[in-house]
Amino acid sequence: MISIDAASPVPPFEQLRAQLARQIQDRTLAVGTRLPTLRRLAADLGLAVNTVGRAYRELEEAGLIETRGSAGSFVSAAGEQGRERASRAAADYAAVIAGLGIDTNEAIRIVRTALTTGISVSPATHNPKEA
Amino acid sequence: MPKGTSPGADLSVRPADLERAGVWLTGHGLADVRPTALLATRLEVRRRARLAASVLLAAFLIAVALTYTGGTVDGSGDRRWSLLVLTALVVGLVLAQSSLDWWVRRVDRRAGATLPRRAAHPVRLGWRTVLGRPRAAFAVATFAGGTAPAIGTLTLDDPTARYAAVILLIGLCGLAVGVVVQLRHVLTHPVVADDEVSLTADVIMRVEDARVGAAPTAVWSVWSLPVVSVFSTAFGWWNAAWVAFIVLSVIALALIEARTARSAAVARNAMSAP
């Protein structure tokens with residue numbers, strides 16, 4: 001279910017984008033699922049078509065959905081690929097942690113700090129292919 | 001906030017409507033949900049629209065019967081006029097049904113506009129979910145079963161039987177268009193919900209609207225017109241075929257009702273499925 005609260009300080013397009021992104025990431029919306037049309041979802045949620053269009057556009061730029069012409073918008077396989085990429089990165093990180101002899105709690109703390117404060121990728125570790 | 005409430009809704013409803021909404025919720029396995037003004041308003045407009053649609057269909061059948069008998073008063077009759085009147089009746093029926101649908105959707109839209117919070121499905125509910133394949137196939141088969149003998153009759157030499165068949169075909173075409181228009185409205189009108197309960201209730205209403213719209217009662221009614229008496233006087237087997245058609249379709253409908261999920265179960269599945 002998607003819900004839009006008009007009284008919320010969060011803009012409607014961001015409420016919609018965040019909820020759809022979460023449902024795609026937690027697989028509530030499976031790869032290949034057809035999303036409602038802009039007009040249909042806008043009517044259902046009492047929003048302007050442009051508002052829904054902006055949310056869809058940002059999801060598309062993030063690779064979570066893809067638009068196939070007049071057939072509509074679908075949940076993209078890129079969302080699944082992104083999860084696999086994150087899993088591979090986590091495995092690499094785990095290998096580094098094991099190599100350095102850092103304990104698990106410390107390793108989790110480092111990850112949590114990075115997630116909450118923002119990830120800064122140094123030029124030395126940045127891989128252009130991953131961008 | 002209790003489940004199913006709409007704090008921003010400014011809908012005035014009669015206590016009787018709220019009571020009916022409570023009974024409706026209980027009948028659909030939502031006994032623990034408090035009936036809201038939003039739900040009561042939506043259910044009441046549907047109740048009135050269905051009543052009006054039934055009266056409309058009865059009036060249509062009577063008018064078609066009168067057109068038919070009027071067209072055969074003087075033996076040949078001015079059948080061209082009769083067919084024109086009949087065509088106008090069919091168009092009028094479709095327009096009137098569309099107006100009733102428009103009225104329901106307008107009330108829904110106004111109710112939805114009062115909601116400070118709006119909820120919707122992240123996926124589109126299609127006809128397979130709302131109506132289901134068995135009912136869709138049954139509706140098509142019923143129309144085909146009603147149409148095929150009439151088309152066969154057009155090949156006969158008997159002008160009276162052919163005239164009756166044309167009237168029957170026009171009536172069936174009008175009903176088919178009406179059903180398609182109604183189903184399109186059911187599938188395309190916006191959701192009116194502010195939480196999971198009202199979203200579930202919306203799907204239940206959608207499923208029930210679709211099932212009522214696709215029910216073959218109108219086809220049975222059209223077939224029971226005086227037109228049938230022409231076939232029965234001309235061909236004895238028409239009566240037997242007609243009775244068999246009715247009996248078989250009633251059995252098929254009963255089986256579909258028994259073997260397919262109830263509207264509340266369909267709604268829960270739609271809510272839980274991605």
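Chain A is the first sequence line, chain B the second, and so forth, proteins listed ahead of strands; every chain is numbered from 1. Below, all heavy atoms of this structure are taken into account, side chains as well, without hydrogens, waters or symmetry copies.
Looking at every heavy atom in both residues, A/Pro36 comes nearest to B/His121 through CG-O, 3.8 Å. Of all the heavy atoms in A/Arg40 and B/His189, the pair that sits closest is NH2-O, 4.1 Å.
The number of heavy atoms from other shown groups lying within 6.0 Å of CD (B/Glu196) does not exceed 12. No more than 12 heavy atoms of other residues, nucleotides or ligands shown are found within 6.0 angstrom of CZ on B/Arg184. By the 6.0 Å contact criterion, CZ on B/Arg262 is open, its count of non-hydrogen atoms from other residues, nucleotides or ligands being 12 or less. Within 6.0 Å of CD on B/Glu19 lie no more than 12 heavy atoms contributed by other residues, nucleotides or ligands.
Listed by chain and number, the residues in a ring pair (Phe, Tyr, Trp, His ring centres under 6.0 Å) with B/His185 amount to none (sequence neighbours excluded).
Contact of A/Ile2 with chain B is made through backbone and side chain together, with heavy-atom distances under 4.5 Å.
Rounding to the nearest 0.5 Å gives a distance of 12.5 Å between CZ of A/Arg39 and OG1 of B/Thr188. Here the CD1-CZ distance, from A/Ile4 to B/Arg117, works out to 9.0 Å after rounding to the nearest 0.5 Å.
Of the listed residues (A/Ala7, A/Ser3, A/Ala6), the greatest number of heavy-atom pairs within a distance under 4.5 Å of chain B belongs to A/Ser3.
Applying the side chain to side chain contact (heavy atoms under 4.5 Å, CB included) test between B/Pro122 and each of A/Leu29, A/Leu16, A/Ile24, A/Thr28 identifies A/Leu29 as the sole match.
Among the residues in residues 41-53 of chain A, those with a non-hydrogen atom closer than 4.5 angstrom to a non-hydrogen atom of chain B are A/Leu41, A/Ala43, A/Asp44, A/Leu45, A/Gly46.
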